[in-house]
Amino acid sequence: MEGKADLHTHTTYSDGVLSPYELIKKAHESGVEVLGITDHDSVGAIANSVEISSEFGVEIVPGVELSAVIEDREIHILGYLFDYKNKNLLDYLTFFRKERVKRAERIVEKLNNINVPLKFESVMEKAGSAAVGRPHIANALLDEGLTTSYIEAFSKYIGYGGPAYEKKYSLSPEDTISLIASSGGLSFLAHPGKYTTDAVLLSLIKDGLDGIEVVHPSHPPEKILHYRNVVGQYFLLESGGSDFHGGKRNDDDVLGSYLVPLAWVEEMKKRLF
Ligand code: AMP
Ligand code: ZN
Ligand code: FE
Ligand code: FE
């Protein structure tokens, strides 16, 4: 896919390692002209990013990545181009972040119960004021020598189905899509190739999904083709990006490698007009 837009990235406001400034700088150096910042449950990076982006000639697309549960599985929904000062949206995001802290506490408790002596404080130290997530827990486990790698923290303990796995609070897909729509934005299903059956995808389209993230590091060419066909069939929009987080994930190479056409962003704006 030839393009200049990366519509899926994370900063220190969630589980990314770079500050908004560092991310925009690095994205610019990687050939990104339009950058979607999509922190989990936070829009804290957006206002400042919009302000500083002109220094690099980069356009910021306001975004957020929310979690929802369908058929007992977690899916991620990306919101774009909403009013990031919308009071109702901000209230919900604050609530989600508070629930994340409680869930991190439950995960640490589970770890302690299986004799992994991780301290809650070391997790919160990693997270700072960000939306705390399992990547912070994985990094804390790694730093304290309680796991041999970032990936092992997930496969052995905190990954889906693992002994210290805990769900986080989330809305239904329908309510998530409504929340984004009520603040003026568009909803996209994130990285469907990771978990979504076509039946689930159809039910999300019925719930009012606006588009599908067709380009993502987890999508091989045949999946991209498949989702682009679905997009065409249901008159949806398409998006894509690197899902860059940085740091111990060693995903530095994805930035600049999952770019999508600027025309896709124009289509998104047209749909909102
Ligand atoms: P959370 O929002 O706290 O559930 O954390 C989700 C993040 O953890 C995602 O952005 C993933 O990148 C990461 N993650 C989830 N499962 C795994 C896994 N099995 N291996 C590596 N990273 C994972
Ligand atoms: Zn993340
Ligand atoms: Fe995700
Ligand atoms: Fe993401």
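Both backbone and side-chain heavy atoms feed into the values below; hydrogens, waters and symmetry mates do not. Just follow the structure's listing: the first ligand is 1, and inside any ligand the first atom is 1.
The protein non-hydrogen atom at the shortest distance from atom 9 (C) of ligand 1 is R249 NH2, 4.2 Å. In this structure, atom 1 (P) of ligand 1 lies nearest to the protein heavy atom K168 NZ, 3.3 Å. Counting only heavy atoms of the protein, atom 21 (C) of ligand 1 lies nearest to F154 CD1, 3.5 Å. Nearest protein neighbour of atom 6 (C) of ligand 1, counting heavy atoms only, is R134 NH2, 3.7 Å.
For the pair K126 and D143, the salt-bridge criterion is met [side-chain N within less than 4.0 Å of a carboxylate O]. At a threshold of 4.0 Å, the pair E238-R228 counts as salt-bridged, since one of the basic side-chain nitrogens sits closer than that to a carboxylate oxygen.
Clustering ILVMFWY residues whenever any of their side-chain heavy atoms sit less than 4.5 angstrom apart, transitively, puts Y13 in a cluster other than the one holding F244.
Here the shortest heavy-atom distance to atom 10 (O) of ligand 1, taken over H76, H40, E166, H10, belongs to H40.
Residue H245 places a heavy atom less than 4.0 Å from ligand 1. At least one heavy atom of R103 sits under 4.0 Å from some atom of ligand 1. By the 4.0 Å heavy-atom criterion, G133 is counted among the residues contacting ligand 1.
Taking a 6.0 Å sphere around CD of E71, one finds it holds 12 or fewer heavy atoms contributed by other residues, nucleotides or ligands. No more than 12 heavy atoms of other residues, nucleotides or ligands sit less than 6.0 Å from atom NZ of K25. Environment of CZ in F154: crowded, with over 12 heavy atoms of neighbouring residues, nucleotides or ligands closer than 6.0 Å.
Using bins of under 30°, 30° to 60° and over 60° for the plane-to-plane angle, the ring pair Y195/H191 lands in the perpendicular bin. H245 and H10 have parallel rings, their planes meeting at less than 30° on a 0 to 90° scale where 60° marks the start of perpendicular.
Using a distance-only test at 3.5 Å, with no hydrogens or angles considered, a donor-acceptor pair links the side chain of D210 to the main chain of S187. Within the 3.5 Å criterion, the main-chain N or O of A131 finds no donor-acceptor partner in the side chain of R97.
For ligand 1, the atoms lying closer than 4.0 Å to a non-hydrogen atom of P135 are 5 (O), 7 (C), 8 (O).
Taking the six-membered ring wherever Trp is involved, the centroid distance between the rings of F95 and Y169 falls below 6.0 Å.
Take a cut-off of 2.8 Å around the Fe ion (ligand 3): the protein N, O or S atoms inside it are E65 OE2, H76 ND1, H191 NE2.
Ligand 1 has a nitrogen or oxygen under 3.5 angstrom from a nitrogen or oxygen of R100.
Rounded to 10 degrees, the NE2-metal-NE2 angle spanning H10 and H8 at the Fe ion (ligand 4) equals 100°.
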